[in-house]
Amino acid sequence: MRITHRALISSMVAVSLLGTMLLGAGCSKTEDEAETTTSETTELSGTIRFATWGSESEIETNRDVIAAFEEANPNCTVELEYIPADYETKIDTLIAGGAAPDVIYGHPYQLRKWYALGALTDLTDLYETKGFNDDSVYNTSFYKNFEYEGDKVGTINGQDIILLYYNKALFDAAGVEYPSETWTWDDFIAAAQKLTITENSKTTQYGVSLGANYTVAEVFIWSHGGAIVDDTYANDAEIVVDSPETVTALQLMQDIVNEYKISPTPESAGVFGGSFEAGNVAMKFDGAWAPVFLKDVEGLDWDMIVVPKGPEGRRTAVLYAGYGVYKDSENPKLAEEFAAFMQSYDGQKILAETGLITVIHKDISEAPEVLGAPGMPPGNAYRISGVADATWRDAAPLWWHEALDKGFTPELQALLNGSQDAQTTAANMQKLMSGIRDQNQ
Amino acid sequence: MPGRLRSRLRKRLDAPDKGAFWLYASPWIVGFAIFSVYPIVYSLFLAFNEWNIIGDKVWVGTENFETMVADPLFWQSLKVTGVYTLFAVPLGVIMALALAMLLNQRVRGVNIFRTIFYIPSVISGVAAAMLWAWIFNPEFGVMNAGLGLLGIEGPKWLFAQEWVIPALVIMSLWSVGGSMIIYLAALQGVPTELYEAARVDGAGWWSRFWHVTLPQISPVIFFTLITGMINTFQTFTQAYVMTNGGPQNASLFFGLYLYNNAFRYLKMGYASALAWTLLLIVLLLTLVVFVTARFWVHYDTDATGGW
């Protein structure tokens, strides 16, 4: 009986020990925080974590930027946290756990979301002190994308528009003139028809490949005078996707796939097994980052140009990325300095080297040695001039991606697969996306 | 005999070692409490809140459940998961049992075959999903190449709305090794004298299978049916890795939709409500199977030695 008692007590001790360990783990963070707050000085020093995604060459470039930053700030260390997949989820979770990196790379919609959730610092003052608002130095036309209710949610890395890429060899073989700046959607279709080759009722080469991708759909919709939301920058934007203009644009997309059959359906795009890179799709719509990958495709003779015009002129979509600073950073000064370095001349110069990003610093992005870097075609200059026709591909509301996921993309798939007409598609999108809007508003 | 064993065990547990039992079990108990019980209870609380992980929780009562009823994708995901379960579970039982019976023969190298058929069930879900994505590739995949040899033009599998679920059902049959092993053990537990008696009575192969084998292993079928059903209702990996719910939400499994709500749209409250709804559905279906069990599950304790 005495032994039972003793064993019982020892087991309770064991349990409470375990509990204490866990409690200790929970508490240690607060102690650390307290320490760093008191030891904070004006002199920059210490270590910060920087999270990013990207290809191998981007990661290399980021390491180069970090090296340059550490050289300029001797007592500082930047630890690169490379998150190759599920980036947004991972950052969400890190923020929720109070363990987010100090500097976080992201698209404006992500940075705006994290800012709205209270996880990022307002960088308005930083923009002032670093001179980022100077539009003779920076391309400030889309700074609004990095604002949430007037606050700056991050520094800016660059901007990339959607362009039309074409395979010159296939154009030559078909005796079709290369795309020009004056191209309309009709010219585009006429060329694509000549570039589509069908043998024994099996298509072996397509003029273009249209995926069920909202960014490409926007290029069609906007150039016809349609839109998905009434105000890109309003947090309570209304869905207006069922306008006659949008229906016309959707009809054109469907015709390209189902009537003219110059593009595989999204269903058969995987089946067809071809691609622009493989040399059996003559044209594709892709972002200005594509040249970095295309230049290394052996035997591919290609160039790039702005997208065709619609009845309402030429409209293209633009994507951005930038750097947010974690609100609970233990070294906020250093984190802000690093985020600023990314937009500074020195940082942008290194970032531009890969050719992946059209950096926001004008002198660098427009420099002949950047636009004409090895492997870049003459059309690379359109990545700059094309920005004039661009609209941010995303919209301000925090429910935007949920609405796209649930109400836009599946309907676009159905349209392109030919299982529903443009009118029904637009009506369904309107109903489903508005439903998500109302649910979240 | 079992009774005596039980009383001996009871005596041992009452004895001084009881404290040692709690001591040795405590790491598990603590872990279970913190990492399982606590999140489960907390998710029930969350189901009545609105919470985006980072901000404050807002009590919304039953609003999440009301949203669910009006959410077309909730019903779509329920339908997808239900249809998949309806086919994958019975076919899985049949396939596993058929394999177990084949591998219960006395042939040379049977252990090699047993290993071969069991291996797929130890392969990681993501690796298997990647592998099958290639097998189902309509243009280059083994599946359509094989069908092509038979003169059949294969479907677009994962890219086609009407074929994506059949494709995933076929894939699920590949990993029946786990239940196959259980059936194999059960088959070997069927007393040979029952077969001998049946043979003496003039029973053929089918009769012996229907009147001896099936009733004898029915408790095991019952077990695999229940666990299989619970597992398929939680299907996630295939949909997440191979199809992302597409095309047109045709493979939007309940688990994937729940995940999307939690981690893509940061609606923890709604996701928790979905999770508890799933639990209730699975619980209800399990109860239904339990109720029907009395009509087809035979607990013949004397003969099998204590099922």
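So you know, we letter chains A, B, ... as the sequences are listed, proteins then strands, and number each from 1. From a predicted model like this one, the values you see are computed outputs, not experimental measurements.
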- Task: Answer yes or no: does atom OH of Tyr42(B) have more than 12 heavy-atom neighbours from other residues, nucleotides or ligands under 6.0 Å?
- Result: yes

- Message: Report which part of Ile53(B) has an atom under 4.5 Å of a heavy atom belonging to chain A: side chain, backbone, both, or neither.
- Response: both

- Selection from Asn260(B), Leu266(B), Thr67(B) maximising heavy-atom pairs under 4.5 Å formed with chain A: Leu266(B)

- Message: A quick test of your reading: do over 12 heavy atoms of other residues, nucleotides or ligands sit less than 6.0 Å from CZ of Phe87(B)?
- Response: no

- Interface moiety of Tyr257(B) toward chain A, non-hydrogen atoms closer than 4.5 Å: side chain

- Query: Between Asp92(A), Ile436(A), Thr93(A), Asp405(A), which residue shows the highest count of heavy-atom pairs closer than 4.5 Å to chain B?
  - Reply: Asp405(A)

- Message: Walk me through whether Asn249(B) and Lys406(A) qualify under side chain to side chain donor-acceptor pair (under 3.5 Å).
- Response: CA-CA 9 Å; Asn249(B) 295 324; Lys406(A) 292 181 174 175; over 6 Å; no

- Okay, Gln439(A) and chain B: the region with an atom under 4.5 Å from a heavy atom over there is side chain

- Around atom CG of Asp438(A), are there more than 12 heavy atoms of other residues, nucleotides or ligands at under 6.0 Å? yes

- Is any side-chain heavy atom of Asp86(A) less than 4.5 Å from a side-chain heavy atom of Phe263(B)? no

- Message: Can you confirm whether more than 12 heavy atoms, excluding those of Lys79(B), are under 6.0 Å from its NZ atom?
- Response: no

- Query: Quick one: what part of Thr409(A) sits under 4.5 Å from any heavy atom of chain B, side chain, backbone, both or neither?
  - Reply: neither

- Note on the structure: Rounded to the nearest 0.5 angstrom, the CG-CD distance for Asn440(A) and Glu50(B) is 8.0 Å

- Is it true that a side-chain atom of Gln413(A) and a backbone atom of Gln248(B) form a donor plus acceptor pair closer than 3.5 Å? yes

- Task: Report yes if the side chains of Tyr265(B) and Leu398(A) come closer than 4.5 Å at any heavy-atom pair, otherwise no.
- Result: no

- Item | Charged N-O contact under 4.0 Å between Glu88(A) and Arg264(B) | no

- Query: Can you say whether Tyr240(B) sits under 4.5 Å from chain A via the side chain, the backbone, both, or neither, judging by heavy atoms?
  - Reply: side chain

